[in-house]
A.B. asks: 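One structure coming up, written as C-alpha cells, with questions to follow.
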Amino acid sequence: MNSLMMTNGKAAHNSLFHTTAVDPSHTLNDNEHDALPRGRSLLIIDDRALDRQCLAYCISAHKMDMDVLAFGSMSEWERKRHDYPPLAAILLNVGGKKIAEPAVGEEIRRLSSTLEAPIIVLADTDELSQIMKALECGAKGYIPSSVSIDVCIEAIALSMAGGIFVPASSVLAMRQAIESGSPAARPLAGMFTERQAEVVEALRRGKANKIIAYELNLRESTVKVHIRNIMKKVKATNRTEVAYKIKDLFPLSVEGANGSEH
C-alpha cells in the first residue's frame, strides 16, 4: 500500500478511528467516493512507509477534527487529490535529510508557493541552522522528532491557526547567543546577510529608518532596500510585521526589554 487515510475517530462501530488504505492504482467507485468525509485533511508526506503510517495512526488516535492522509510523495497525493477533502496542513517528514540539500529546500519552496495550506517540516534534528533554513524556504513550522506526539499535534494546530512553531530549545539557544554577543548569532543563523541582520536588530527595537541609517552609516534609501529584502524573506507585508515576526522568534535580551540597552 502506498498511502493511508484515517478519519478523526468519529466512525461507526465504536472504533477509535476508521482507516481506509488507498492504493494509487485503484480508482474509487461512486459509492466509495461519496462515503469519504468532505471536511479538511492533514497530509503526511514521508517516503518511509512504516514511519508515515505509524505517525498517521498516532495523530488520528488523538481525534483531531480532520482526516489524516499519508502518502510517500506529493506526486502520489496529487494524482488522487480530488478523492480527498481539502488540505488544512501538510506535514513533510524529511527525516535525517538537510534542509540545505537542493532537493529538500526546493520541495519546501514549491509547496509553500503553490499550496495555501501551511507546510510544517518534521525532522530528526533541532539544529537552529536547519530550522531557520526551513522557515526561509517557506515552512510555517519545524518539529523535531524528539518531541512527543502531543507537542507535535499542538505545533500542527498552531501553524494552521497562522502561527509559526519552532522548538523552544532552539529559540533559547539563539537568545543566549544574542545576549552573549556570540558571532554565531549573526547573521541570524544564516537567514540574513550580516547587514540585513543589523537592520533586523534595529527594526525589532522600533528604530526609524533615519536612525538606522545614521547608526549603520548608510543612506536611508539603502536601509529601505534592506527592509524590502527582509520583508520578502520573512514573508511580511510591512516593517511592523517584520518586527513582530522577529521578536516572536528571537525575543529581545532581558537588558533590552528593560530599556537599559541603547
A.B. asks: Does a side-chain N-to-carboxylate-O contact under 4.0 Å join D124 and K98?
C.D. replies: no
A.B. asks: Please enumerate all residues that pass side-chain contact (heavy atoms from CB on, under 4.5 Å) together with S112, with sequence neighbours excluded.
C.D. replies: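 Partners of S112 by the side-chain contact (heavy atoms from CB on, under 4.5 Å) criterion, ordered by chain and then number, come out as I119.
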A.B. asks: Quick check on the hydrophobic clustering: are I230 and V225 connected, directly or via other members, by side-chain heavy-atom contacts under 4.5 Å?
C.D. replies: no
A.B. asks: Is the shortest side-chain heavy-atom distance between I212 and L203 below 4.5 Å?
C.D. replies: yes
A.B. asks: Do I156 and I59 make a side-chain contact, defined as non-hydrogen atoms from C-beta onward lying under 4.5 Å apart?
C.D. replies: yes
A.B. asks: Is there a side chain to side chain contact (heavy atoms under 4.5 Å, CB included) between I143 and L91? Walk through the geometry before answering.
C.D. replies: CA-CA 9 Å; I143 307 174; L91 186 59; 4.2 Å; yes
A.B. asks: Under 4.5 Å between any side-chain heavy atoms of I164 and S159, yes or no?
C.D. replies: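 Side chain of I164 against side chain of S159, heavy atoms only: no contact under 4.5 Å found.
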A.B. asks: Does E78 have more than 12 heavy atoms from other residues, nucleotides or ligands lying within 6.0 Å of its CD?
C.D. replies: yes
A.B. asks: Indicate the atoms forming the closest heavy-atom contact of Y142 with A134, along with that distance.
C.D. replies: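 Closest pair (atom of Y142, atom of A134, distance): CD1-CB, 3.8 Å.
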A.B. asks: If two hydrophobic side chains count as joined below 4.5 Å and joins carry through other members, does I227 share a cluster with Y214?
C.D. replies: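 No, it is not one cluster - the side chains of I227 and Y214 are not joined through contacts under 4.5 Å.
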A.B. asks: Any salt bridge linking K133 with E127? Criterion: basic side-chain nitrogen under 4.0 Å from a carboxylate oxygen.
C.D. replies: no
A.B. asks: Please name the pair of heavy atoms, one in P85 and one in D67, separated by the smallest distance, quoted to 0.1 Å.
C.D. replies: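 So the two residues come closest at CG-OD2, 3.1 Å.
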A.B. asks: So do R239 and N209 actually touch side chain to side chain, heavy atoms under 4.5 Å?
C.D. replies: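 N209 vs R239: side chains touch.
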A.B. asks: To check you understand the geometry: which heavy-atom pair defines the closest contact between G72 and E76, and what is its length?
C.D. replies: N-OE1, 3.2 Å
A.B. asks: Could you tell me whether the side chain of W77 reaches within less than 4.5 Å of the side chain of L69, counting heavy atoms only?
C.D. replies: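 Heavy-atom side-chain distance check passes, below 4.5 Å.
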A.B. asks: What is the distance from atom CG of L216 to atom CD of E198, rounded to the nearest 0.5 Å?
C.D. replies: 5.5 Å
A.B. asks: Do D47 and F71 have side chains that approach each other closer than 4.5 Å (heavy atoms only, starting at C-beta)?
C.D. replies: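 No. Closest side-chain heavy atoms not under 4.5 Å.
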A.B. asks: Any side-chain heavy atom of R110 within less than 4.5 Å of one from M74?
C.D. replies: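 R110 reaches M74 side chain to side chain.
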A.B. asks: What do the steps show when you test I131 against T125 for side chain to side chain contact (heavy atoms under 4.5 Å, CB included), and what is the final call?
C.D. replies: CA-CA 9 Å; I131 296 171; T125 177; over 6 Å; no
A.B. asks: Give a yes or no on whether the backbone of P86 and the side-chain of S41 come within a donor-acceptor separation of less than 3.5 Å.
C.D. replies: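 At least one qualifying donor-acceptor pair exists.
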A.B. asks: So, do I45 and L43 sit near enough that their side-chain heavy atoms are less than 4.5 Å apart?
C.D. replies: yes
A.B. asks: Can you list the steps and then say if L122 with V94 is a side chain to side chain contact (heavy atoms under 4.5 Å, CB included)?
C.D. replies: CA-CA 6 Å; L122 177 63; V94 301; over 6 Å; no
A.B. asks: Which residues pass the side-chain contact (heavy atoms from CB on, under 4.5 Å) test with T222, not counting sequence neighbours?
C.D. replies: L218, R219, H226
A.B. asks: Going from CD on E106 to SG on C137, what distance comes out if it is rounded to the nearest 0.5 angstrom?
C.D. replies: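 It comes to 8.5 Å.
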A.B. asks: Are V200 and I211 linked, directly or through intermediate hydrophobic residues, by side-chain heavy-atom contacts shorter than 4.5 Å (ILVMFWY only)?
C.D. replies: no
A.B. asks: Ignoring hydrogens, what is the shortest heavy-atom contact between C58 and I149? Give both atom names and the distance.
C.D. replies: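 Shortest heavy-atom contact: CB-CD1, 3.9 Å.
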A.B. asks: Measure from the side-chain N and O atoms of Q53 to the backbone N and O of A70, and report whether any donor-acceptor pair falls under 3.5 Å.
C.D. replies: no
A.B. asks: Working to the nearest 0.5 Å, report the span between CD1 of I108 and CG of L92.
C.D. replies: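 The distance works out to 6.0 Å.
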A.B. asks: Under the rule for side chain to side chain donor-acceptor pair (under 3.5 Å), what residues qualify as partners of N93, not counting sequence neighbours?
C.D. replies: D46, R48
A.B. asks: Quick one: closest heavy-atom pair of G141 and L135, and the distance?
C.D. replies: N-CD2, 4.3 Å
A.B. asks: Do E201 and K207 sit within salt-bridge range, that is, some charged N less than 4.0 Å from a carboxylate O?
C.D. replies: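 Salt bridge absent between E201 and K207.
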A.B. asks: Counting only N and O atoms by type, is there a donor-acceptor contact under 3.5 Å from the side chain of E154 to the main-chain atoms of D150?
C.D. replies: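 Not confirmed, E154 side chain does not pair with D150 backbone.
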A.B. asks: What are the two closest non-hydrogen atoms of D126 and P144, and how far apart are they?
C.D. replies: CB-CB, 3.9 Å
A.B. asks: What verdict does the side chain to side chain contact (heavy atoms under 4.5 Å, CB included) test give for R40 and M160, after you've listed the backbone C-alpha separation in whole Å, the side-chain angles of each residue and the deciding distance to 0.1 Å?
C.D. replies: CA-CA 11 Å; R40 301 181 304 163; M160 287 170 53; 3.4 Å; yes
